[in-house]
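A quick note: this is a predicted structure, and the numbers were derived from the prediction, not measured. When reading the values below, keep in mind they use all heavy atoms of this one structure, side chains included, and skip hydrogens, waters and symmetry mates.
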Amino acid sequence: MFFMIFFSYFDASSSSVVANLLNPQSSAAVSGREGRPSHKPRGIDPVLVQFKALQLTGVKESLQSKRKRRLKYFTRLAGQLASEGKLLEFVEFLQMLAKAGIDTTIFTQAVDLDQVDAGLSLILVDGQLDLFVTLMQKLHDVGFAPWRFVGEGARTLLSAELRKCLANSKAQHCVQIIQKLTGCGFLAKKLVEPSRVIVACVRTRSVELSHSYVQLLSRNAWHYNAMIREFGYHCELGSAFTVFDLMKKEGVSPDLHTYRALIDACGRSGEPSKAAVVFEGMIKDGIIPNVFVYNSLMNVNVVDMDEVQRLYDHMVGAGVAADLTTFNILLKACGASGRAELATTYYQQIKQRGEVTMDVVTYSTLINVFRGAKMWEEALKVKADMLLAGVTPNVFTWTSIIGACAEVGLVEQSFQEFGEMLDAGCNPNGNCYNMLIHACVIAGQHERAFQLFHKWKQTGRIRLGRNSEQLAWLSPNESNEPMDVGSDLADQSRQESSWGSKIGLRRRFQGKAEGFWCKPNLVSYNILMKACGSDPKRTQALMVEMESLGFVPDVKSWSILMDAYGSSGDISGCLMTLSRMKESGLTPDVVTYTTLMKACVHVGDTDKAFSFFEQMKAEGVRPNVVTYNTLLRAQRGGQFREVQRGLALYEEMREAGYVPNDFLLQGLLKEWAEGGLDKLNRIRWSSAHDITKPENSKDNDSERGISEFTEALLQKVAVHAQGDNTLDLIIDLHGLSKAEARTAVLAVLRIIKERHSLEDPIKDDLVIITGVGRRSDIPGSPVIRDVVLQVLETELGLPVTSTPLDGHNLLSTAVSSGVRPEVQDESLGSTRSNKVAELIMPRKPLNSGRLKVAKEALNAWVQRRGQKQ
């Protein structure tokens, strides 16, 4: 009976195999009926013997039998093959069973999955990931669900292997494997974390690779948002927008997080205008922005305080409540725009409302704003409020506090704050040490800065100064060290600071400087290079040392070296440094060009400074307020051409959004006005006597070729500077630009004030002829009248009235000039009639062509100015 059953499993045609199987011991071993291992010849694997003895025809016949014992035998054999790591034979056996017509689902349920999982784990442990994928594909091809054979152990190893591929920058290979396994029924999101794969794909800068992986996942906006966010982190704004377009093309609707990710991407790429377009598209799509979207949009525009304020007002108007991040961004914007007074307003607003609880970031940001504005006392007040609120300062807070004191050269105060930082148990970093050295440089204590630097470089830290009495508190190995620089600080700190008695000082010094260690960085060398002043050799030596330590000089480093050459009057050295800077691959910025202009001004070569100014603008570098002031201070009122350039700079500066220093240009005009009539008379005398100069003469261009507006302004201002009391106080502004008109009015008012200080009373009203717009593009539209009103009424607080022209009333003047009797007041945006009451008491002086400031108002104004001074 046994042999009948046996031969129903195996093909009797193989006589050699059958002979071996008929051996009683082998038979017992193969059947395993007793469940005990039997003696077998060495080198023979009974499981492989059983597998190799199988034939497709015999398997088919066995499967057609109704006895369930045959299925149990097949499942047991498959489990044994898998558990012993014979995965190729295991797959081949399952392929044979599938061809024989076995029910794959029933077989999968019956097989010992733990044995299969153990076998698959063996090949994954060996790193045979490609073999694993091949086996899964073969099983899938014959109708099995291969993912059912993979248990928890194999899944964990599979995920580990895929993560290893991603870590080894094999994102493409990883995605290909996931694609193959997904085709076999595996879920892509279960194989490895989608976020990890997306990050690795984006790192390759390939939208196609990232998109091919996301397509394996569910059609969820989250995956596309992650792609946009990651491309934004890498400043790949074009790729982020490409993903956005693919998302909409595939029918995945963008959500709130999608638009926010795009806005953040625009911010990291420095494209605030595109962020605004994204925000508008979000509104059109009917998505209501929340506080997080507004915060992202404000953060994108953080360098534009006006835009940040507008967005904040828009958010409040939309009924969206601001959170702590909102106020942090507002404070950050105040710091970027130098609006410390506005930051104070927001700070008071936060405290009064009590809607949000300020954290260490808020306080640190506010202190940093005051640091930039050099308002160290306000910074210390914020620190006191912070401690009173129970918020513990961190290293960034202390660095900003020390920096606020350092910016104004308060060396001892900086060291005092540093000591309080150590006492609070906060370990300083390199930026803290940089601030201490910076304080010494700002205060002109250059040698002390060098001593601190070298001590830091040798020991890895900066200690507070110690006197002989304090040396007893140090350990023996420290007491033999040379005394730290700043020993003069110790006595002063004990007297001025609130550190307490000797016991308190001992507690402060012991162990506080032992738990941290760092070395000088690039910023440290830049600060120290600044301390070299006009010594380019010493500055150059520091740069060589910096490069020897592996630091690469940045634009600021080269600019400091240029400043050292410029301060010493070596223009050729500046140009050589500029050439070396460009050879290193760096592009000059506004600081670099301003340094070059300053060097040219230092040696008196104003023309060369202006050539660098034009070169800077041609290369797309935007001048800053320091650039303009450097050039304005270089102008002298003795030459007409320099006055012209000063006026042009003044106007350009205002158009660029900077507030010019009127006193610089007023001083230029005063110097110019004092000798103006003599020069004008000389020019006219030369013209009357037919005295000419060569055409190629430089003086011919600057003296003879005076432009019309320059000569007109000379006449209008110079006559008021001569002290001739017989002249009427009349300023005719015809032919001047807006900036020139403003300058002329300010210059004449200054001259009037100086006359009054010399006990020269004001006897007449000041009359300013502005015209009614005959030369403007739109007939009757005023050209410079609003500028004059802005200066007199808004800035100086002088009352202004409109006076008739040449004894005619306003109505006749308007008719004669071609203006209708109803005069348009552009400042109010409404048409005024010619009623007597409206002419007498207008809200703003009407455009009669003349403006008048009464002598009483002028006297009151100069008296107020005198009292303030």
Side-chain angles (χ1 to χ4, degrees), residues 78-79 81-88 90-91 94 104-105 108-109 111-142 144-231 233-234 243:
L81 288 172
S83 63
E84 295 180 7
K86 302 177 176 63
L87 274 303
L88 291 175
F90 167 77
V91 172
L94 266 61
T104 56
T105 303
T108 305
Q109 293 174 349
V111 74
D112 189 346
L113 296 178
D114 290 337
Q115 289 182 316
V116 180
D117 181 68
L120 295 174
S121 299
L122 290 176
I123 62 172
L124 290 173
V125 168
D126 293 338
Q128 302 182 57
L129 185 58
D130 292 332
L131 174 60
F132 176 87
V133 175
T134 301
L135 296 176
M136 297 297 104
Q137 287 179 317
K138 289 183 177 181
L139 291 176
H140 179 266
D141 291 341
V142 295
F144 285 94
W147 58 272
R148 294 183 179 276
F149 295 105
V150 182
E152 183 177 355
R155 283 197 303 268
T156 302
L157 293 171
L158 176 60
S159 298
E161 286 298 314
L162 292 174
R163 285 194 293 269
K164 188 183 299 182
C165 285
L166 298 175
N168 294 332
S169 301
K170 298 179 180 179
Q172 185 173 3
H173 181 58
C174 180
V175 172
Q176 291 174 349
I177 290 176
I178 295 175
Q179 286 175 331
K180 294 177 181 179
L181 293 177
T182 303
C184 297
F186 289 84
L187 292 178
K189 66 179 182 179
K190 297 291 185 180
L191 295 174
V192 66
E193 302 90 334
S195 59
R196 190 186 295 266
V197 181
I198 292 174
V199 169
C201 292
V202 171
R203 197 176 291 125
T204 65
R205 305 297 196 273
S206 174
V207 177
E208 293 77 12
L209 180 62
S210 306
H211 185 230
S212 63
Y213 171 72
V214 170
Q215 285 181 314
L216 303 175
L217 305 170
S218 60
R219 301 173 69 85
N220 193 327
W222 184 92
H223 305 117
Y224 290 91
N225 296 345
M227 291 172 62
I228 294 173
R229 185 167 54 251
E230 290 300 324
F231 277 116
Y233 287 150
H234 294 280
V243 174

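Taking the six-membered ring where the residue is Trp, F90 and F149 present perpendicular rings, their angle passing 60° and hence far from 30°.
Looking only at side-chain heavy atoms (C-beta outward), F132 and L181 come within less than 4.5 Å of each other. D130 is listed as a side-chain neighbour of H173, based on a closest heavy-atom distance under 4.5 Å. In this structure, L162 and V197 have side chains that are not in contact, with every pair of non-hydrogen atoms separated by 4.5 Å or more. At a threshold of 4.5 Å between non-hydrogen side-chain atoms, the residues I177 and V175 do not count as touching. Contact of the H223 side chain with the S218 side chain is registered, since non-hydrogen atoms from C-beta on lie closer than 4.5 Å. By the 4.5 Å heavy-atom criterion applied to side chains, L187 and L191 are not counted as neighbours.
Heavy atoms from other residues, nucleotides or ligands lying under 6.0 Å from CD of Q176 number more than 12. Within 6.0 Å of the CZ atom in R163, the count of heavy atoms belonging to other residues, nucleotides or ligands exceeds 12. More than 12 heavy atoms of other residues, nucleotides or ligands shown are found within 6.0 angstrom of NZ on K86.
Between L124 and L158 the shortest heavy-atom distance is CD1-N, 3.8 Å. Residue E230 comes nearest to I198 through the heavy atom pair CG-CG2, 4.3 Å, listed as atom of the first residue, atom of the second, then distance. Taking all atoms of both residues into account, the shortest heavy-atom contact from A171 to L166 is CA-CD2, 4.0 Å. Of all non-hydrogen atoms in L120 and A154, the two that sit nearest each other are CB-CB, 4.2 Å. Summarising the geometry of H211 relative to Y224, their closest heavy-atom pair is NE2-OH, 3.9 Å, with the distance given to 0.1 Å.
With hydrogens and angles ignored, the 3.5 Å screen pairs a side-chain donor or acceptor of N225 with a backbone N or O of A221. Remark: the backbone N or O of W222 is paired with a side-chain donor or acceptor of N220 at under 3.5 angstrom. Between the side chain of D117 and the backbone N or O of V150 there is no donor-acceptor pair closer than 3.5 Å. Of the possible donor and acceptor atoms, none in the side chain of N168 sits under 3.5 Å from a partner among the backbone N and O of K170. Not one N or O on the side chain of S83 forms a donor-acceptor pair closer than 3.5 Å with the backbone of G119. The backbone N or O of S206 sits less than 3.5 Å from a side-chain atom of S210, completing a donor-acceptor pair.
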(message) For I178 and V192: C-alpha separation, side-chain torsions, deciding distance, then whether side chain to side chain contact (heavy atoms under 4.5 Å, CB included) applies.
(response) CA-CA 9 Å; I178 295 175; V192 66; 3.9 Å; yes
(message) Walk me through whether E161 and K164 qualify under salt bridge (charged side-chain N to carboxylate O under 4.0 Å, His left out).
(response) CA-CA 5 Å; E161 286 298 314; K164 188 183 299 182; 3.4 Å; yes
(request) Apply side chain to side chain contact (heavy atoms under 4.5 Å, CB included) to the pair F231 and V207, showing each step before the final yes or no. (result) CA-CA 9 Å; F231 277 116; V207 177; 3.8 Å; yes
(request) Any chance you could lay out the side chain to side chain contact (heavy atoms under 4.5 Å, CB included) test for K180 and Q137, step after step, and finish with the verdict? (result) CA-CA 8 Å; K180 294 177 181 179; Q137 287 179 317; 3.7 Å; yes
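P146 pairs with exactly one of V133, D141, L139 by the side-chain contact (heavy atoms from CB on, under 4.5 Å) rule, that one being L139.
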